Amino acid sequence: MTLKPEALAGLEHAVIDRTFREESGKAIATLIRLFGDIDLAEEAVQDAFMVATEKWPESGLPPNPGGWIVTTARNRAIDKLRRESTREERHAHAVELHAQSQPDAVGGPVRDDRLRLIFTCCHPALDTASAVALTLRLLGGLHTREIARAFLIPEPTMAQRLVRAKRKIKAANIPYRVPADADLPDRLGSVLTVVYLIYNEGYAASSGEELLRTDLALEALRLARLLADLMPDEPEAVGLLALLLLSESRRPARTRSDGSIVLLAEQDRNLWDRSLIDEGQVLVRACLRRNRPGPFQIQAAIAAVHSDAAKADDTDWGQILQLYDMLMMQAPTKVVALNRAVAVAEVHGESDALSLLDEMDLDRYHLYHATRAELLRRMGEVDAADDAYGEALALVSNDVERRFLEERRRFNSSP
């Protein structure tokens, strides 16, 4: 269906913003395959969306917005290259562009532009943090400030990291392809981390007016399936798919009809997607049989324990805490430590959990303060909880999360 111009006028920004979120990653991946230049691809896609803001309100939304963006961006990129090339170069370059645009131009075990982009960014020449950040920028369509928040570092630091990563790919002439089977394991950790973080942004958007970005979550799930098919003998690839399936199963219950947050303990578990749970649990059991535990497999096992509980009170927090202990041995990150503290609160009490939180250096992370506020509230420390809610509100960027924290703060202060 094509929206009429008059219908689009009032929706102009919302429609184009949504299209950018859903289509920019695919468009950039396609253009990188065609032109082999990340900066050119990004610039061309940005230009295409600028053209969309001018044309769509007048002509109406095209039947295939993503295809329109790719075509427009491709034409913009070709025009730019022609302007910058000498007359002698133009004919050869036109022949090259034609060859690159053919369906069989890029070989390899997987014909998927977005997966190729992930493997390109996750080349061993780049450190893991830079690879993950760059892929989130290109494929996830995340702004630099959102990626910086995910890494808990200042935005200027992240901006410099992204620039250096793109320069290194260009200077090293890193090929845009899925590597041969023998080279896959060297990039596995970075690739899986990228897909996991893309899903996280879809599961709980770091900024904006909505909690969920379903387009990103489903894209990450699609990529996880591709990776599990590509590397079926890699337990961590299977573990990531299991984790995303079990997490995605809870999406229908995570928000109310008005978009507000429903905590895990308060969710209607009848709304959980049983087919995704069953599929995820089968994969978790397969991972357990292999007995080669890794961080994604352990996180999947934690999600499986949650999915086993018919109601929140039935949750086996003792088992979850044991799994977090294992996870801390393999991936001792600050966020894992924070999540483990939540399990400690359920098993040993809020006081023990708060003692752990007091030792953490997570002052820039709003969920640290939100967790602390909830524990203090449960202990009856009203004033301290109010201060912690205030710290969380000062850092949160997502509007839905902000309203949730404001509501919890009011609830804490009410007699």
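Please read all numbers here as calculations on a predicted model, not as lab measurements.
Rounding to the nearest 0.5 Å places CG of Leu354 at 11.5 Å from CD of Glu359. The line from CD1 of Ile298 to CG of Leu288 is 10.0 Å long, rounded to the nearest 0.5 Å. The CG atom of Leu376 lies 9.5 Å from the CG atom of Asp387; values are rounded to the nearest 0.5 Å. Between the CZ atom in Arg408 and the CG atom in Leu393 there is a gap of 12.5 Å [rounded to 0.5 Å]. Annotation: the span from Asp113 atom CG to Ile28 atom CD1 amounts to 12.0 Å, rounded to 0.5 Å. Separation of atoms CD (Gln267) and CG (Leu263) is listed at 8.0 Å; rounding is to 0.5 Å.
Taking the side chain as every heavy atom from C-beta outward, Ile32 and Arg116 never approach each other to under 4.5 Å. Contact of the His306 side chain with the Trp317 side chain is registered, since non-hydrogen atoms from C-beta on lie closer than 4.5 Å. Using a 4.5 Å heavy-atom cutoff, the side chains of Leu375 and Glu381 are not in contact. When side chains are defined from C-beta on, Glu279 does not count as touching Val284, because their heavy atoms never get closer than 4.5 Å. Contact of the Val382 side chain with the Asn412 side chain is registered, since non-hydrogen atoms from C-beta on lie closer than 4.5 Å. Glu391 places none of its side-chain heavy atoms less than 4.5 Å from the side chain of Tyr368. Under the 4.5 Å side-chain criterion, counting only non-hydrogen atoms from C-beta, Glu43 is in contact with Asp47. Annotation: side chain of Leu327 is in contact with side chain of Pro295 (closest heavy-atom distance under 4.5 Å).
Put simply, the side chain of Arg187 gets close to the backbone of Phe119: a donor and an acceptor are under 3.5 Å apart. Put simply, the side chain of Glu236 gets close to the backbone of Phe296: a donor and an acceptor are under 3.5 Å apart. Ser130 places no side-chain N or O within donor-acceptor distance of the main-chain N or O of Leu126, the cut-off being under 3.5 Å. For the pair Ser247 (side chain) and Leu244 (backbone), a donor-acceptor distance under 3.5 Å is absent. A donor-acceptor distance shorter than 3.5 angstrom exists from the side chain of Thr315 to the backbone of Ala312, with no hydrogens or angles considered. With hydrogens and angles disregarded, a donor-acceptor distance shorter than 3.5 Å links the side chain of Arg269 to the backbone of Ala309. A donor-acceptor pair is defined here as one N or O able to donate and one able to accept, closer than 3.5 Å; such a pair exists between the side chain of Gln330 and the backbone of Pro293.
Among all heavy-atom pairs drawn from Asp352 and His348, the shortest one is OD2-CB, 3.4 Å. Minimum heavy-atom separation, Gly239 to Gln297: CA-CG, 3.9 Å. The two residues His369 and Ala392 have their closest heavy-atom pair at CB-N, 3.6 Å. Contact record, Tyr199 with Ala217: CD1-O, 3.5 Å, taken as the closest heavy-atom pair. When every heavy atom of Gln281 is checked against every heavy atom of Ser307, the shortest pair comes out as NE2-OG, 2.8 Å. In plain terms, the two heavy atoms of Ser190 and Val132 that are nearest each other are O-CG2, 4.0 Å.
With respect to the salt-bridge test (charged N to carboxylate O, under 4.0 angstrom), the residues Glu374 and Arg377 qualify. We find that Arg251 and Glu248 are joined by a salt bridge, their nearest charged nitrogen and carboxylate oxygen being less than 4.0 Å apart. Taking the charged nitrogens against the carboxylate oxygens, Arg403 and Glu406 have no contact shorter than 4.0 Å, which rules out a salt bridge. Between Asp386 and Arg409, at least one side-chain N (NZ, or NE/NH1/NH2) sits under 4.0 Å from a carboxylate O, which counts as a salt bridge. Taking 4.0 Å as the cut-off between side-chain N and carboxylate O, Arg378 and Glu350 count as a salt-bridged pair.
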Practice item. Any chance you could lay out the side-chain contact (heavy atoms from CB on, under 4.5 Å) test for Asp79 and Arg83, step after step, and finish with the verdict? Key: CA-CA 6 Å; Asp79 289 344; Arg83 288 194 305 270; 3.7 Å; yes

Practice item. Give the C-alpha distance, both sets of side-chain angles, the deciding distance and a yes or no for side-chain contact (heavy atoms from CB on, under 4.5 Å) between Asp308 and Asp316. Key: CA-CA 9 Å; Asp308 278 335; Asp316 188 345; over 6 Å; no

Point to revise | Step-by-step side-chain contact (heavy atoms from CB on, under 4.5 Å) determination, Glu23 to Val70 | key: CA-CA 9 Å; Glu23 303 292 344; Val70 169; over 6 Å; no

Exercise for review: Give the C-alpha distance, both sets of side-chain angles, the deciding distance and a yes or no for side-chain contact (heavy atoms from CB on, under 4.5 Å) between Val194 and Cys122.
Suggested key: CA-CA 9 Å; Val194 163; Cys122 293; 3.9 Å; yes

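No more than 12 heavy atoms of other residues, nucleotides or ligands sit less than 6.0 Å from atom CG of Asp383. Few gaps surround CZ on Arg402; more than 12 heavy atoms of other groups in view lie less than 6.0 Å from it.
Exactly one residue among Val400, Asn398, Leu405 makes a side chain to side chain contact (heavy atoms under 4.5 Å, CB included) with Ile261. That residue is Val400. Exactly one residue among Lys166, Lys80, Lys170 makes a salt bridge (Lys or Arg N to Asp or Glu O under 4.0 Å) with Asp37. That residue is Lys170.
A cation-pi contact, defined as under 6.0 Å to the ring centre and within 45° of the axis, links Arg254 to Tyr203.
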